Amino acid sequence: MPSSASRGIGLELVRQLLESPANLVVAACRSPETATTLGELNTTSKGNLHTVKLDVSDSDSVRAAVKEMEPILGETGLDYLINNAAIAEGGNAFALNPDVLMRTFRTNVVGPALVSQAFLPFLEKSEKKTILNISSSGGSLAIAPQVGTRNTSYAISKAALNMLTYKQKVERPDITSITMCPGWTKTDMGGQDAMLEPKESVAGILKVITAVTTADSGKFLRYNGEEVPW
Ligand SMILES: NC(=O)c1ccc[n+]([C@@H]2O[C@H](COP(=O)([O-])OP(=O)(O)OC[C@H]3O[C@@H](n4cnc5c(N)ncnc54)[C@H](OP(=O)(O)O)[C@@H]3O)[C@@H](O)[C@H]2O)c1
């Protein structure tokens with residue numbers, strides 16, 4: 001279940017997951033009525049795609065999504081929760097707009113924390129019990145010198161998401177929680193100069209995530225399975 005499936009990497013996740021008819025896919029997005037490509041996938045799917053309204057920054061919306069998913073996942077549970085939704089706004093350390101920082105933190109950190117918490121009962125019923133937090137190498141201290149001064153709010157939020165992942169692993173050893181950089185990818189966020197097409201990034205993400213076990217929990221991985229230095 002990707003937490004944001006209207007466009008970019010989330011939409012491509014849905015597309016590739018639907019290639020296997022055995023998958024039951026729940027695509028969450030904050031405005032299903034305007035997510036036209038997702039709507040087209042819904043029309044062509046073989047009944048194995050459900051679209052759920054979810055704004056990860058709004059706790060009422062998270063609670064409502066759980067209710068909406070109850071009849072879909074109540075029996076089977078949820079194998080993979082993919083916390084993909086994020087925003088990236090600019091800002092340097094000594095010129096941070098506090099509203100931007102708070103908004104970024106709310107979407108990129110509080111969102112995945114809340115969604116993981118609220119969907120835990122679905123994960124507990126499943127076999128795989130896997131949370132994938134889509135992070136960024138921009139949240140790595142080791143890589144920060146190459147990134148320089150830009151995107152400070154975003155980098156702070158992804159570093160925090162990495163720590164959330166580690167805390168999830170420590171608290172629940174029965175759950176596999178992974179934090180992952182999808183690579184620099186051609187989306188609205190990554191821009192058209194990016195290195196990867198969404199389909200390459202997502203093919204890698206799915207290969208890695210379907211192979212991980214609890215022994216990998218807490219790892220910070222790249223879309224190609226390499227470890228990212230913290
Ligand atoms: N692209 C890259 O190069 C790159 C690199 C490193 C990490 N990442 C990470 O990869 C993930 C996906 O990025 P992307 O490139 O696909 O970005 P994108 O094209 O900008 O798409 C962002 C997605 O997040 C959704 N979203 C934002 N706020 C939301 C909220 N409050 N509730 C629900 N959905 C929300 C958007 O929904 P709406 O359509 O409703 O706005 C959209 O579907 C993010 O976590 C990002 O940080 C991307």
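Just so it is clear, the structure is predicted and the values come from calculations on it, not from any experiment. Heavy atoms only: backbone and side chains are in, while hydrogens, waters and symmetry mates are out.
For Met163, the CE atom is loosely surrounded, since the number of other residues' heavy atoms within 6.0 Å does not exceed 12. Counting non-hydrogen atoms of neighbouring residues, nucleotides and ligands closer than 6.0 angstrom, the NZ atom of Lys207 reaches no more than 12 such neighbours. Surrounding CD of Glu75 are at most 12 heavy atoms belonging to other residues, nucleotides or ligands under 6.0 Å away. Atom NZ of Lys125 sits in a crowded spot, with more than 12 heavy atoms from other residues, nucleotides or ligands closer than 6.0 Å.
Following chains of ILVMFWY side-chain contacts shorter than 4.5 Å, one cannot reach Val109 starting from Ile87, and the two form parts of different hydrophobic clusters. Ile175 and Ile82 fall into different hydrophobic clusters, where Ile, Leu, Val, Met, Phe, Trp and Tyr residues are linked whenever their side-chain heavy atoms come under 4.5 Å apart, directly or through other members. The hydrophobic cluster containing Ile178 does not contain Leu164, counting ILVMFWY residues as joined when their side-chain heavy atoms lie under 4.5 angstrom apart, directly or transitively. The cluster map of Ile, Leu, Val, Met, Phe, Trp and Tyr, joined by side-chain heavy atoms under 4.5 Å apart, puts Ile143 and Leu196 in different clusters. Leu123 and Ile134 are assigned to two separate hydrophobic clusters, defined by single-linkage of ILVMFWY side chains at heavy-atom distances under 4.5 Å.
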Using the rule given for side chain to side chain donor-acceptor pair (under 3.5 Å), can you reason through Asn92 versus Thr152, listing the C-alpha separation, both sets of side-chain angles and the distance that settles it, and then say yes or no?
CA-CA 5 Å; Asn92 294 347; Thr152 300; 4.7 Å; no

Show your working on side-chain contact (heavy atoms from CB on, under 4.5 Å) between Thr51 and Leu38 and close with a plain yes or no.
CA-CA 8 Å; Thr51 302; Leu38 183 60; 3.9 Å; yes

I would like to know whether Phe105 and Val110 meet side-chain contact (heavy atoms from CB on, under 4.5 Å); could you show each step before the answer?
CA-CA 6 Å; Phe105 209 82; Val110 181; 4.2 Å; yes

Do Lys158 and Leu161 pass the side-chain contact (heavy atoms from CB on, under 4.5 Å) test, and can you show the C-alpha distance, the side-chain angles, and the key distance before you say yes or no?
CA-CA 5 Å; Lys158 293 300 191 181; Leu161 179 64; 4.2 Å; yes

Please assess His50 against Leu24 for the test side-chain contact (heavy atoms from CB on, under 4.5 Å), listing each intermediate value before the final yes or no.
CA-CA 8 Å; His50 296 269; Leu24 177 65; 3.6 Å; yes

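Contact annotation: the side chain of Leu120 never approaches that of Gln117 to less than 4.5 Å [non-hydrogen atoms, C-beta and beyond]. Between Lys169 and Thr165, the closest side-chain pair of non-hydrogen atoms is not below 4.5 Å. Residues Arg172 and Glu124 form a side-chain contact, since some pair of their non-hydrogen atoms from C-beta on lies under 4.5 Å apart. Residues Met69 and Val26 are in side-chain contact: their nearest non-hydrogen atoms beyond the backbone lie under 4.5 Å apart. Under the 4.5 Å side-chain criterion, counting only non-hydrogen atoms from C-beta, Ser6 is not in contact with Leu11. Looking only at side-chain heavy atoms (C-beta outward), Tyr154 and Met189 come within less than 4.5 Å of each other. At a threshold of 4.5 Å between non-hydrogen side-chain atoms, the residues Ser135 and Cys181 do not count as touching. In this structure the side chain of Met180 reaches within 4.5 angstrom of the side chain of Leu132, judged on heavy atoms.
Between the side chain of Asn23 and the backbone N or O of Val25, no donor-acceptor pair lies under 3.5 Å. Side-chain atoms of Arg106 come within 3.5 Å of backbone N or O of Ser57 as a donor-acceptor pair. When atom types are taken as modelled, the side chain of Ser126 and the backbone of Gly77 share no donor-acceptor pair closer than 3.5 angstrom. Proximity of a side-chain donor or acceptor of Trp184 to a complementary backbone N or O of Gly190 within less than 3.5 Å is detected. Between the side chain of Ser217 and the main chain of Thr213, no donor-acceptor pair closer than 3.5 Å is present. Looking only at distances, no side-chain donor or acceptor of Thr187 sits under 3.5 Å from a matching main-chain atom of Ile9. With Thr130 contributing its side chain and Lys128 its backbone, the two residues share a donor-acceptor pair below 3.5 Å. The backbone N or O of Leu41 sits less than 3.5 Å from a side-chain atom of Thr44, completing a donor-acceptor pair. Using modelled atom types, no side-chain atom of Lys219 and backbone atom of Val212 make a donor-acceptor pair closer than 3.5 Å.
Counting only N and O atoms by type, the side chains of Ser116 and Asn83 include a donor and acceptor under 3.5 Å apart. Between the side chains of Ser157 and Asn108, at least one donor N or O sits under 3.5 Å from an acceptor N or O. There is a side-chain donor-acceptor pair under 3.5 Å between Ser31 and Thr34. Glu197 and Thr185 share no side-chain donor-acceptor pair at under 3.5 Å. Donor-acceptor pairing under 3.5 Å is lacking for the side chains of Thr179 and Asn133.
Salt bridge Arg7/Asp188: present, at least one basic N to carboxylate O contact under 4.0 Å. Salt-bridge annotation for Glu12 and Arg15: present, with a side-chain N of the basic residue lying under 4.0 Å from a carboxylate O of the acidic one. Residues Glu68 and Arg63 are not paired through a salt bridge, judged by the lack of any N-O separation under 4.0 Å between the basic side chain and the carboxylate. Ion pairing between a basic and an acidic side chain is recognised when a charged N comes within 4.0 Å of a carboxylate O; Glu227 and Arg222 show no such pairing.
Summarising the geometry of Leu221 relative to Val228, their closest heavy-atom pair is C-CG2, 3.7 Å, with the distance given to 0.1 Å. In terms of heavy-atom proximity, Ser201 sits nearest to Tyr223 at O-CB, 3.9 Å. Contact between Thr210 and Tyr80 at its shortest, heavy atoms only, is CA-OH, 3.6 Å. Taking each heavy atom of Val100 and Ser153 in turn, the nearest pair found is CG1-OG, 4.0 Å. Scanning both residues, Asp216 and Ala211, for their nearest heavy atoms gives OD2-O, 4.5 Å. Shown here for Gly138 and Ala155, the closest heavy-atom pair between the two residues is O-CB, 3.2 Å.
Separation of atoms CG (Asn97) and CD (Glu89) is listed at 8.5 Å; rounding is to 0.5 Å. For the atom pair Ser61 OG and Asp55 CG, the distance stands at 5.0 Å (nearest 0.5 Å). Atom CZ of residue Phe119 and atom CG of residue Leu114 lie 10.0 Å apart, to the nearest 0.5 angstrom. Rounded to the nearest 0.5 angstrom, Arg103 CZ and Asp99 CG are separated by 6.5 Å. The OG atom of Ser20 sits 8.5 Å away from atom CG of Asn48, with the distance rounded to the nearest 0.5 Å. Atom OG1 of Thr176 is separated from atom CD1 of Ile131 by 9.0 Å, given to the nearest 0.5 angstrom.
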